[in-house]
Amino acid sequence: MSSPGAMTGLRVIDLTRVLGGPYCTQILADHGADVIKVEPPAGDEVRDWGPPFHEEDAAYFVGINRNKRSIGLDLASEGGREVLMKLLETADVLIENFKPGTLDKWGIGNDVLRAKFPRLVHCRISGFGADGPRGGNPGYDAIIQAMTGMIAATGSPESGPMRIGVPLVDITTGLYATIGILMALSERQRSGLGQFLETTLYETGLAIMHPHTANYFMHGKPPGLTGNEHPNLVPYAIFPTKTDNIFIGVGNDGTFRKLAQEIGKPELGTDPRFARNKDRIANRDALRVELAAVFSQHEAEPLCNRLLAAGLPAGPVQKIDQALTNPHTLHRGDILEKDWYKGVASPIRLERTKPSLRRTPPKFSQHTSEVLAEFGYSKGEIEALVAKGAVCGSERKR
């Protein structure tokens, strides 16, 4: 039997859909929180973002909704909102990603929640926040990548600007929301009060643009397109070998000298063109030629193993199937399995309060009767709520 997680005893009412919010609540759920996922009558739309599917649920949904219980509520109805308020009576955290103003329109805005549930931590995820020229506008990962300079800084001169291939803004917004919730819970231990916190995709996009923002504040120049290379470090790039590509990343001059020694070219470490990082940046093309000639004589895996063993930053460029079946991945227990489900384990590893896989991702409104019974609703009352449409049965309204 798994040990209690660090968040055991925490109750989270999760009104979020798509990615940032569900990613946040899965982190909390993996570590023991009781996360009740409240879905609209049509369900979380990413249940349809496939193929691939497990039964009717897309892998996109499955990957970010384990360890949760699902209940379907029509919050646009008075009956649905009454059920939500009942759920909040014992909740520690409410997280939602409605358009700012939606809860106010329903008569359950932050002021109402604060008065009724003073210990509640209320987290909102939105695109741009409620105020400002873009306040209330919807936010999407790729659009925020475009608007915060991320796409303009990504790609090579040949490719032109490119979107980053993972939804980095959405996922990082979920991480920031988790951190904010934990901060608010920590402060509540001192004050006895919850508080409202907001995490926006736009501010997240700006916050993770390091070192480009720091560089711009220093010299006033927007970043150029450097492809896989780093604007501040050289060498920091992909190189071909006899077999596969490898990535080399050097963070200081001592490391570069050690790399030069390890690959049998110690003279590169003292060459005035390459001795200091600023010299290597000025002569990056010449250094690339020198290193490429050496690496082309080696096979990727043995070379990276030797460099890593020497404490040097190097790694083979692997596809996702190679990464997920890598011996280190398997040794570390980074893949979770339960029944039909497979997923990547929580990277937060605490010594005593370990994360665990207790529940596979829920079917739509799978736990409605179970959850409502816990809150004192009788079977007849639940059936009446379903008949009124305030609470959803197992069928989604598409």
Side-chain angles (χ1 to χ4, degrees), residues 2-17 20-39 44 64-73 75 80-98 102-104 106 108-126 173-199 346 348 350 352-359 361-362 367-368 370-377:
S2 60
S3 61
M7 296 289 101
T8 297
L10 187 77
R11 173 161 281 169
V12 179
I13 306 302
D14 178 8
L15 307 186
T16 64
R17 308 165 315 288
Y23 193 86
C24 164
T25 54
Q26 180 169 277
I27 294 170
L28 299 172
D30 279 353
H31 290 268
D34 176 19
V35 175
I36 299 173
K37 182 178 177 69
V38 177
E39 299 189 56
D44 186 332
I64 49 173
N65 283 289
R66 64 180 176 233
N67 285 328
K68 305 176 188 180
R69 297 188 287 173
S70 171
I71 172 174
L73 287 183
L75 295 179
R81 294 194 294 274
E82 288 175 355
V83 172
L84 173 62
M85 297 301 274
K86 184 71 173 175
L87 298 180
L88 291 176
E89 289 178 1
T90 58
D92 297 285
V93 177
L94 169 68
I95 179 169
E96 45 98 357
N97 60 353
F98 291 113
T102 300
L103 294 188
D104 297 284
W106 287 339
I108 53 173
N110 186 59
D111 290 344
V112 174
L113 296 175
R114 183 66 46 240
K116 194 168 181 62
F117 311 109
R119 287 179 55 80
L120 182 70
V121 172
H122 175 193
C123 175
R124 174 178 299 144
I125 292 175
S126 67
T173 301
L175 290 171
Y176 279 139
T178 306
I179 294 167
I181 288 168
L182 296 177
M183 286 179 175
L185 291 171
S186 176
E187 194 277 338
R188 189 179 73 172
Q189 291 183 312
R190 298 191 300 274
S191 68
L193 297 173
Q195 59 183 302
F196 174 75
L197 69 104
E198 182 179 55
T199 305
S346 170
I348 305 168
L350 291 90
R352 291 183 294 101
T353 51
K354 300 181 184 301
S356 62
L357 174 56
R358 304 177 307 284
R359 296 176 182 270
H367 302 98
T368 294
E370 174 187 313
V371 169
L372 293 187
E374 287 179 15
F375 284 84
Y377 288 90

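In what follows, residues are counted from 1 in the order of the sequence shown.
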Undergrad: Only one of Ile125, Thr178, Leu28 clears side-chain contact (heavy atoms from CB on, under 4.5 Å) with Ile95; which?
TA: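 Among Ile125, Thr178, Leu28, the one that satisfies the side-chain contact (heavy atoms from CB on, under 4.5 Å) with Ile95 is Ile125.
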
Undergrad: Might you point out which heavy atoms bring Gln26 and Asn65 nearest each other, and give the distance in Å?
TA: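 Where Gln26 meets Asn65 most closely, the heavy atoms are OE1-N, 2.9 Å.
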
Undergrad: I'd like to know if the side chain of Arg114 reaches the main chain of Arg119, judged simply by a donor and an acceptor atom lying under 3.5 Å from each other, with no hydrogens or angles considered.
TA: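 No; zero donor-acceptor contacts below 3.5 Å.
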
Undergrad: So, the side chain of Ser346 versus the backbone of Ile348: is there a donor-acceptor pair under 3.5 Å, distance only?
TA: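 Checked: pair present.
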
Undergrad: Minimum heavy-atom separation for Arg358 and Ala29, please, with both atom names.
TA: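 Minimum heavy-atom separation between Arg358 and Ala29: NH2-O, 2.7 Å.
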
Undergrad: Between Arg188 (side chain) and Gly194 (backbone), is there a donor-acceptor pair under 3.5 Å?
TA: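 Not confirmed, Arg188 side chain does not pair with Gly194 backbone.
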
Undergrad: How far does CE of Met7 sit from CG of Leu350, to the nearest 0.5 angstrom?
TA: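 Between Met7 CE and Leu350 CG, I get 8.5 Å after rounding to 0.5 Å.
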
Undergrad: I'd like to check Val12 versus Ile36 (side-chain heavy atoms, cut-off strictly below 4.5 Å). Are they in contact?
TA: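 No, their side chains stay 4.5 Å or more apart.
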
Undergrad: Evaluate the criterion side chain to side chain contact (heavy atoms under 4.5 Å, CB included) for residue pair Leu15 and Leu94; output intermediate values, then yes/no.
TA: CA-CA 8 Å; Leu15 307 186; Leu94 169 68; 3.7 Å; yes

Undergrad: State which residues pass salt bridge (charged side-chain N to carboxylate O under 4.0 Å, His left out) with Arg11; sequence neighbours excluded, sorted by chain then number.
TA: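 With sequence neighbours excluded, Arg11 shows a salt bridge (charged side-chain N to carboxylate O under 4.0 Å, His left out) to Asp34, Glu374, given in chain and number order.
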
Undergrad: About how many Å separate CD1 of Ile181 and CG of Leu197, when rounded to the nearest 0.5 Å?
TA: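 If I round to the nearest 0.5 Å, the distance is 6.0 Å.
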
Undergrad: Among residues at least two apart in sequence or on other chains, which ones pass side chain to side chain donor-acceptor pair (under 3.5 Å) with Thr368?
TA: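 Counting only residues at least two positions away or on another chain, Thr368 forms a side chain to side chain donor-acceptor pair (under 3.5 Å) with Ser365.
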
Undergrad: Stepwise, does the side chain to side chain contact (heavy atoms under 4.5 Å, CB included) test hold for Leu87 with Val38?
TA: CA-CA 10 Å; Leu87 298 180; Val38 177; 4.2 Å; yes

Undergrad: What I want to check is whether the side chains of His122 and Gln195 have a donor and an acceptor closer together than 3.5 Å.
TA: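 No donor-acceptor contact under 3.5 Å links the two side chains.
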
Undergrad: Under the side chain to side chain contact (heavy atoms under 4.5 Å, CB included) criterion, do Arg69 and Lys37 qualify, and how do the steps go?
TA: CA-CA 6 Å; Arg69 297 188 287 173; Lys37 182 178 177 69; over 6 Å; no

Undergrad: Can you name the residues that form a side chain to side chain contact (heavy atoms under 4.5 Å, CB included) with Asp111, not counting sequence neighbours?
TA: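 Testing Asp111 for side chain to side chain contact (heavy atoms under 4.5 Å, CB included), a comparison that skips the adjacent residues, returns none.
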
Undergrad: For Thr25, give me all partners under side chain to side chain donor-acceptor pair (under 3.5 Å), at least two apart in sequence or on another chain.
TA: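 With sequence neighbours excluded, Thr25 shows a side chain to side chain donor-acceptor pair (under 3.5 Å) to Asp14, Lys68, given in chain and number order.
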
Undergrad: With a 4.5 Å heavy-atom cut-off, do Thr173 and Tyr23 have their side chains touching?
TA: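 No, their side chains stay 4.5 Å or more apart.
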
Undergrad: Ile179: which residues meet the side chain to side chain contact (heavy atoms under 4.5 Å, CB included) condition with it, sequence neighbours left out?
TA: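 So Ile179 forms a side chain to side chain contact (heavy atoms under 4.5 Å, CB included) with Tyr176, Met183.
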
Undergrad: For residues His367 and Arg359, determine if any side-chain heavy atom of one lies less than 4.5 Å from a side-chain heavy atom of the other.
TA: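 Yes. Closest side-chain heavy atoms under 4.5 Å.
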
Undergrad: How far does CD1 of Ile64 sit from CG of Asp44, to the nearest 0.5 angstrom?
TA: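 Between Ile64 CD1 and Asp44 CG, I get 7.0 Å after rounding to 0.5 Å.
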
Undergrad: Within this structure, what is the CG-CD distance for the pair Leu75 and Glu96, rounded to the nearest 0.5 Å?
TA: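 With rounding to 0.5 Å, CG (Leu75) is 10.0 Å from CD (Glu96).
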
Undergrad: Write down the atom of Leu73, the atom of Gly80, and the distance for their closest heavy-atom approach.
TA: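 Residues Leu73 and Gly80, closest heavy atoms: CD1-O, 3.8 Å.
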
Undergrad: Could I get the full list of side chain to side chain donor-acceptor pair (under 3.5 Å) partners for Asp30, not counting sequence neighbours?
TA: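 Checked Asp30 against side chain to side chain donor-acceptor pair (under 3.5 Å); matches are Arg66, Asn67.
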
Undergrad: With heavy-atom distances below 4.5 Å as the criterion, would you say the side chains of Val93 and Leu185 are in contact?
TA: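 In short, these two side chains touch, coming nearer than 4.5 Å.
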
Undergrad: Can you list everything that forms a side chain to side chain contact (heavy atoms under 4.5 Å, CB included) with Lys86? Sequence neighbours excluded, please.
TA: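 Result, side chain to side chain contact (heavy atoms under 4.5 Å, CB included) vs Lys86: Glu89, Phe375, Tyr377.
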
Undergrad: Which distance, rounded to the nearest 0.5 Å, do you find between the CG of Leu103 and the CD1 of Ile108?
TA: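 Going from CG on Leu103 over to CD1 on Ile108, the span is 5.0 Å.
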
Undergrad: Going by the rule side chain to side chain contact (heavy atoms under 4.5 Å, CB included), which residues pair with Leu193 if we only count those two or more places apart in sequence or in a different chain?
TA: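 Applying side chain to side chain contact (heavy atoms under 4.5 Å, CB included) to Leu193 gives Pro118, Ser191.
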
Undergrad: Listed by chain and number, what are the side chain to side chain donor-acceptor pair (under 3.5 Å) partners of Glu39, not counting sequence neighbours?
TA: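 Testing Glu39 for side chain to side chain donor-acceptor pair (under 3.5 Å), a comparison that skips the adjacent residues, returns Arg47, Ser70.
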
Undergrad: When rounded to the nearest 0.5 angstrom, what is the spacing between CG in Leu10 and NE2 in His31?
TA: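 So the gap between those two atoms works out to 12.5 Å.
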
Undergrad: Taking only residues two or more places apart in sequence, or in another chain, which ones meet Phe117 in a ring-ring contact (aromatic ring centres under 6.0 Å, His included)?
TA: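 If we apply the ring-ring contact (aromatic ring centres under 6.0 Å, His included) test to Phe117, skipping adjacent residues, there are no hits.
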
Undergrad: Give the minimum heavy-atom separation between Cys24 and Gly174, together with the two atoms involved.
TA: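 The pair with the smallest heavy-atom distance is CB-O, 3.4 Å.
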
Undergrad: Going by atom types alone, do Arg124 and Ser126 pair a side-chain donor with an acceptor below 3.5 Å?
TA: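 Distance-only check fails for Arg124 and Ser126.
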
Undergrad: Heavy-atom distance under 4.5 Å between the side chains of Leu84 and Ile13, does that happen here?
TA: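 With C-beta onward as the side chain, the pair touches.
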
